[in-house]
Every structure is written in C-alpha cells, then in structure tokens.
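What follows is a short report on a single structure.
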Number of protein chains: 2
Amino acid sequence: MTDPAPTLRDVAEAAGVHTATASRALNPKTRQQISAETARRVMRAAQALGYQPNSAARSLKTSRSGTVGLVIPDLTNPLFPPIVRGVESVLEAGGYNVWIVNTDNDEERERAQIESLRSRQVEGLIVATARLDHPLLRRLHERGVTMVLINRQVEHARIPAVTGDDATGVAAAVHHLAELGHVRIAHLSGPLTTSTGRVRARAFRHAARDHGLPGDLVVECAHWSEADGAAAMRELLGRSPDLTAVVAGNDLIALGCYDVFAERGLSCPGDVSVIGFNDMPFLDKLRPPLTTVAVPHHELGAEAARMLLDCIGQPDRPARSLLLPVSLVVRGSTAPPRVS
Amino acid sequence: MTDPAPTLRDVAEAAGVHTATASRALNPKTRQQISAETARRVMRAAQALGYQPNSAARSLKTSRSGTVGLVIPDLTNPLFPPIVRGVESVLEAGGYNVWIVNTDNDEERERAQIESLRSRQVEGLIVATARLDHPLLRRLHERGVTMVLINRQVEHARIPAVTGDDATGVAAAVHHLAELGHVRIAHLSGPLTTSTGRVRARAFRHAARDHGLPGDLVVECAHWSEADGAAAMRELLGRSPDLTAVVAGNDLIALGCYDVFAERGLSCPGDVSVIGFNDMPFLDKLRPPLTTVAVPHHELGAEAARMLLDCIGQPDRPARSLLLPVSLVVRGSTAPPRVS
DNA sequence: TTGTATGCGTTATCAA
DNA sequence: TTGATAACGCATACAA
C-alpha cells in the first residue's frame with residue numbers, strides 16, 4: 001500500500017472533533033455515548049477518507065488480536081481445505097479471523113510457523129499436525145496456550161481434540177470386506193507416529209480378529225501420500241501375493257494402490273478390492289470409483305472452532321474430546337473375491 | 001493464549017539492560033552495535049523466558065506489517081491450493097507472511113475481507129477473484145494499493161497480472177480435436193464476466209474459424225463448477241445433439257459433462273470427446289482419464305509473488321503482465337468421432 | 001456529550 | 001556501546 005493511510009486523527013480533524021470522540025463514534029459499542037449528529041459527521045468523514053482502523057494499534061491497545069492460528073501440514077492435500085472452511089465459518093461468525101500456516105510435516109518449519117503465530121498474538125491455535133510424541137505441542141499446552149487438535153491426539157497431554165470415529169470406520173470397512181467373502185485382508189496403515197495411523201491400525205487388528213481373520217497383514221506407509229501408499233503396496237504384494245483386499249489408511253494411500261495395479265496389470269476390484277478413508281472429492285469419478293469411509297471434514301473444522309471458542313471463553317474448562325461419526329461409502333472398488 | 005506473554009521489558013530486566021539495548025541485541029541488523037557479551041546475555045534471557053516480539057507493536061512502530069493478503073474465491077476448488085503454496089514459497093523467502101481469505105465469489109464478502117486485510121496493513125494484495133468489471137479493485141488500484149492479479153484481469157485498469165496462456169491452450173485443444181476428425185465441436189465457457197472465461201471463449205471462436213469449423217456452439221456456465229457445467233451440457237445437448245466434442249472452460253465443468261454422460265448413458269470418448277482446462281490433481285485416475293490443458297499453478301502463484309515483491313520495492317514501476325506457457329495433456333477422454 | 005491524558009510494546013533518534 | 005526519550009495509532013479512565 002503506497003498512500004499514507006488516513007488515521008483516526010485525520011478523521012477527527014475532518015469531522016472537527018477530538019480523536020476520542022471519533023473513536024467512540026466509529027465503534028458501535030460506544031456510539032451511543034455520542035450525539036447522533038456528531039456520530040453521523042464522523043462516520044461520513046471516515047467514509048470519505050476511506051479510513052480503516054489500524055488493527056495493529058487496536059490490538060496493541062486492547063491486547064486482543066481477534067485472530068486464531070490454524071496449523072495444517074499441506075493445503076494441497078484435499079483433506080484440508082474443507083477443514084479450513086469449516087473452521088473459518090464458525091470463527092468468522094464469532095468475530096475472529098483465521099491465519100493459516102503450512103508446516104509440510106517439517107518440525108523446524110512447524111516451530112517457526114507457530115512462533116510466528118504467537119508473535120502475532122493469536123488467541124488460540126487449531127492444530128491438525130499433531131503427532132503422538134509432540135514435545136512442542138506439549139510445551140505450548142503447559143505454557144497455557146489455548147488450542148484444539150483436529151484429527152489427531154498427543155500422548156501424555158490432555159489437549160481438547162475433535163476427530164472422526166476412526167475405529168468404527170475401519171471396523172465397518174473390514175466388516176464390508178468380510179461380508180463380501182474376503183479372508184486375506186491387508187491394511188496399509190498411515191505413519192504410526194500419528195494417532196490417526198495408530199488408531200486405524202489397531203482398529204484393523206481388532207476388527208480382523210472379530211471376524212476370525214488374520215490381523216497381521218499390516219504395512220506402514222512412511223507418509224499419508226500416494227507415493228508411499230504405492231511403495232507399501234508393492235512391499236505387501238511381495239510379502240503376501242495371495243491377498244484379495246486392502247483397507248488403506250486414507251484415500252491417497254488407496255490411490256497409490258491404484259498405481260501399483262496399473263503397473264502390474266492387476267484389476268480392481270477383480271483381483272484386489274480396496275477401501276480408502278476420508279472420501280475426498282471426486283473419488284466417485286475414479287476408475288474404479290473408490291469405496292471409502294466418509295469423514296465430515298467441514299464439520300470437523302467447525303466443531304474444533306466451536307471448541308476453541310469455548311476454551312477461549314472459559315480457560316479453565318477441562319479438556320474434552322469430540323468423536324464425530326463416519327460412514328462407509330460403498331462404490332466400485334470392492335467386490336467379492338475371485339474364486340480361484 | 002492465557003499466560004501474560006513476556007515483553008521486551010521483561011527480557012531487558014532479566015538481562016539487566018535497558019529495553020533499547022535488548023531490542024538492539026535481539027534484532028540481527030542492529031546486533032553489531034552491541035557488545036558480544038551483552039548480546040549473548042539478552043538472547044539467553046529471551047530464550048529462557050520464551051520471549052516472542054509482539055508484532056502488533058513492531059508493526060505500529062515501523063509501519064511495516066511484513067504481511068501480504070491473498071484473495072481467492074474458494075480454497076476447496078483444487079485450483080487454488082497450489083497457487084497458494086506458490087505464493088507462499090516466494091513471499092516467505094522474501095520475509096513476508098501471507099494472509100489468505102476466501103470470498104466465495106460474493107462481492108460483499110470480498111469487500112469485507114479486503115477491508116479487513118487493509119486494516120491489517122498488508123503491504124500488498126494478490127487477487128485471484130478479479131472480474132472484468134470490478135469497481136472495487138479499480139478503486140483500490142487508483143488509491144495506490146499495491147496488487148497483482150492471478151489468472152484474471154480487470155478492464156480499464158492497468159494492474160499487473162500473471163496468467164496462463166489461455167488462448168494458446170484453447171487453440172491446442174481445438175487443434176487436437178480437429179486432428180482427430182471432429183467437426184461439431186462445442187465450448188462450455190466459464191462466466192463471461194471473468195477475463196478467463198471471455199479469453200477462452202474468444203480463443204475458441206478463433207481456433208474454430210482457423211480450422212474451418214463452426215464457432216457458434218458456445219454455452220456459458222454461470223460458475224466454474226461441476227453443477228453449472230452439467231447444466232450447460234444439458235442445454236448444449238438439447239440444442240445441438242449432433243456434437244461430438246466439447247472443450248470445457250475448466251476441469252470442473254468437464255466433470256459436469258461426465259455427470260451428464262452418466263445420466264444419459266453416453267460414452268466418453270465413444271460418443272463425445274471432452275477436454276478440460278487446468279489439469280487439477282487426480283484427473284489421470286478418472287474414468288476416462290481427462291484430457292486437459294495443464295496450467296502451472298504453483299508457478300503462477302510464485303510469479304505473482306515475485307511481481308508483487310517487485311512492485312513493493314519500486315512502487316512507480318509500470319504495470320507488467322506475465323503470460324505463462326500451458327500445455328495440452330492428452331489422456332483418455334478424447335478419441336476420433338464415431339463414424340455414423 | 002465531549003475533551004484530556006495515558007499507555008499498550010516496540011524501535012528510532014538523540015545524548016551520554 | 002548503552003541509556004533516556006519519544007512516537008507509532010488507538011481506546012479508555014477520568015475530568016469537564
């Protein structure tokens with residue numbers, strides 16, 4: 001911005017009043033203390049000058065930034081935009097603005113980004129990058145930083161969190177495959193350093209056992225990505241060529257399976273059935289359309305935002321966690337196993 | 001954040017120096033004026049207290065926010081996340097932070113969001129929501145607000161912009177279809193209120209004429225969305241049932257075509273070929289994989305950021321526009337027309 | 001109803 | 001090399 005922005009003082013001078021009066025006239029909450037005529041004059045002057053209150057000055061004076069930080073790994077992962085929008089929808093209605101940062105799953109970057117948010121005096125944090133062992137978050141929590149986790153939890157720290165009901169989702173996936181007649185079912189888990197990865201892997205083992213199936217066909221992906229999903233799938237096929245179905249840790253990992261099928265000339269669901277997790281956009285248009293577990297991402301974000309507002313309102317409130325229901329969406333990537 | 005954050009004063013006291021000294025010790029640019037020993041003491045104290053400079057106070061004093069605003073319509077449109085990351089990659093390297101806002105294509109919301117950005121003293125704006133007739137942007141530009149447009153332009157205002165070479169992309173699409181033998185080629189254009197929509201539609205007409213084809217098979221979509229693409233496709237099929245190929249204004253509109261094909265039992269590319277625009281993620285896994293024009297979104301963002309940095313550096317620099325090359329990606333949604 | 005005075009936390013100018 | 005002081009723009013307690 002090039003032109004020297006007009007200040008409250010400019011407005012006050014233009015309206016022929018003192019800055020204090022101008023301030024009161026411009027703030028809806030104090031406008032009543034001012035004569036209607038004066039208020040009108042001030043507001044007109046502000047309008048004419050294109051006055052915008054300097055939020056740095058306001059925040060310095062009131063020690064309220066009206067800002068919340070949202071920490072995500074990577075905006076280009078289709079999982080996150082809906083979460084962001086959900087967060088924004090609630091916080092903006094509550095008079096807050098949201099500052100989004102990406103960490104790229106890099107600890108140092110995360111530290112720097114959160115530091116930057118703190119220096120901006122954010123009044124709270126919504127964090128979607130939590131790992132089970134996360135000293136940084138633990139330390140912030142101990143220091144009294146208000147925060148809510150999305151989709152993840154941290155060990156040994158009672159931090160409020162909003163997550164999907166992963167265990168139930170995985171159970172539904174395994175049940176669906178078992179009903180179709182699958183016996184050799186594998187799980188390509190996400191990183192076991194994340195609560196999400198660990199919860200889903202454990203749920204897989206439990207569900208497999210409940211159906212009297214082997215629960216040991218698990219390969220861990222290094223990251224929640226298509227490439228790592230493909231790598232894990234190759235390893236899995238080498239180890240257990242007789243498998244007929246895969247429960248992927250998330251949709252991207254499932255897409256990695258698709259890549260391997262294309263490489264090896266395997267047909268899905270003919271040779272192998274696959275189930276994803278998250279129901280990210282456009283999965284219904286894939287070849288084949290991906291069966292997956294739908295997670296209400298927008299709601300996840302919205303609920304986390306609501307929870308954060310609660311925490312800001314009453315700081316001593318005990319940490320609560322919210323589990324949102326998920327649902328299996330059956331599409332074309334699952335079918336009965338080929339009879340061999 | 002609950003605990004009263006330590007201030008520079010706390011650090012200074014802990015280190016036994018004056019705040020001015022502490023300030024100089026903490027700022028790399030002024031640290032040289034300070035004895036190494038004192039500097040070390042101050043930095044250690046800052047570390048111990050977990051001191052974070054209050055950016056509101058700094059920005060108030062220096063009248064530099066170190067922040068740039070990024071205005072996009074909707075983060076959940078897969079087009080935008082790569083642009084955001086491109087913008088961030090350059091601006092963060094340049095010492096700036098990026099504040100992202102969504103407008104939902106709502107004029108009032110856009111006005112409010114930009115106002116909010118201005119009140120935060122952003123030093124520049126990158127805007128991806130421009131319409132051809134855009135009084136708000138024109139007014140801001142006249143007021144000397146530094147900004148760069150992405151993917152769009154505004155009529156009657158010389159505002160710097162970075163866009164893909166849409167005309168060449170559309171020409172390549174039409175050429176590809178003509179070579180395959182298509183004659184009845186239609187265009188589902190984006191909104192003609194956007195420069196992108198208008199440029200692509202005009203390019204379509206020109207390209208059609210160059211190949212001796214009818215250029216009048218054009219239907220305008222109300223928005224760049226799957227639903228509006230489907231609606232336009234239905235209208236198009238009603239009007240010209242003999243068409244054999246469609247150049248969609250963007251990938252989402254192309255997906256709308258897929259929906260109509262499913263509704264009506266048409267096969268793609270058997271009955272109708274389709275080409276999208278943008279090459280958003282995962283199109284290669286669609287049924288059929290979508291032929292499209294790849295636009296370098298990350299680079300678009302990065303170049304816009306570079307341009308903004310230039311503009312901030314030299315405010316009187318004449319507006320330049322940058323056209324980035326695009327490329328046709330041929331996949332499975334295009335084939336020769338069925339011989340009837 | 002309006003004006004005066006003060007301070008939020010930081011940096012920049014000046015003096016020591 | 002360091003300290004004292006002022007000022008950025010605003011909101012508010014207090015005085016008038």
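Below, chain A is the first sequence line, B the second, and so on; all start at residue 1. What you are looking at is a predicted structure, and each value in this text was computed from that prediction instead of being measured.
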Taking any heavy-atom pair under 4.0 Å as a contact, classify [X]: base, sugar-phosphate, or nothing.
X	answer
S23(B)	base
L8(B)	base
T38(A)	sugar-phosphate

Rounded to whole angstrom units, what separation is found between the [atom1] atom of [X] and the [atom2] atom of [N]?
X	N	atom1	atom2	value
R9(B)	dA4(D)	CZ	P	12 Å
H18(A)	dA15(D)	NE2	P	17 Å
N27(B)	dT10(C)	CG	P	12 Å
L26(B)	dG9(C)	CG	P	16 Å
R64(A)	dG9(C)	CZ	C1'	18 Å
N54(B)	dC8(C)	CG	P	12 Å
R120(A)	dT10(C)	CZ	C1'	15 Å
Q33(A)	dA13(D)	CD	C1'	11 Å

If you count the non-hydrogen atoms of other residues, nucleotides and ligands that lie under 6.0 Å from [atom1] in [X], is the total more than 12?
X	atom1	result
E108(A)	CD	yes
R9(A)	CZ	no
H298(A)	NE2	yes

(request) State, without any angle test, whether T129(B) and E110(B) hold a side-chain donor-acceptor pair at a distance under 3.5 Å. (result) yes

(request) State whether S35(B) places a side-chain N or O below 4.0 Å from either non-bridging phosphate oxygen (OP1 or OP2) of dT2(D). (result) yes

(message) Tell me whether the side-chain N or O atoms of K61(A) pair up with the base of dG9(D) as donor and acceptor below 3.5 Å, since no angle test is needed here.
(response) no

(message) Is any side-chain heavy atom of Y96(B) closer than 4.5 Å to one of R64(B)?
(response) yes

(request) Could you say whether T21(A) or A36(B) is positioned toward the 5' end of DNA chain D, judged by the nucleotide with the nearest heavy atom to each? (result) A36(B)

(request) Using heavy atoms to find the nearest nucleotide of DNA chain C for T62(A) and R24(A) separately, return the residue whose nucleotide is more 5′. (result) R24(A)

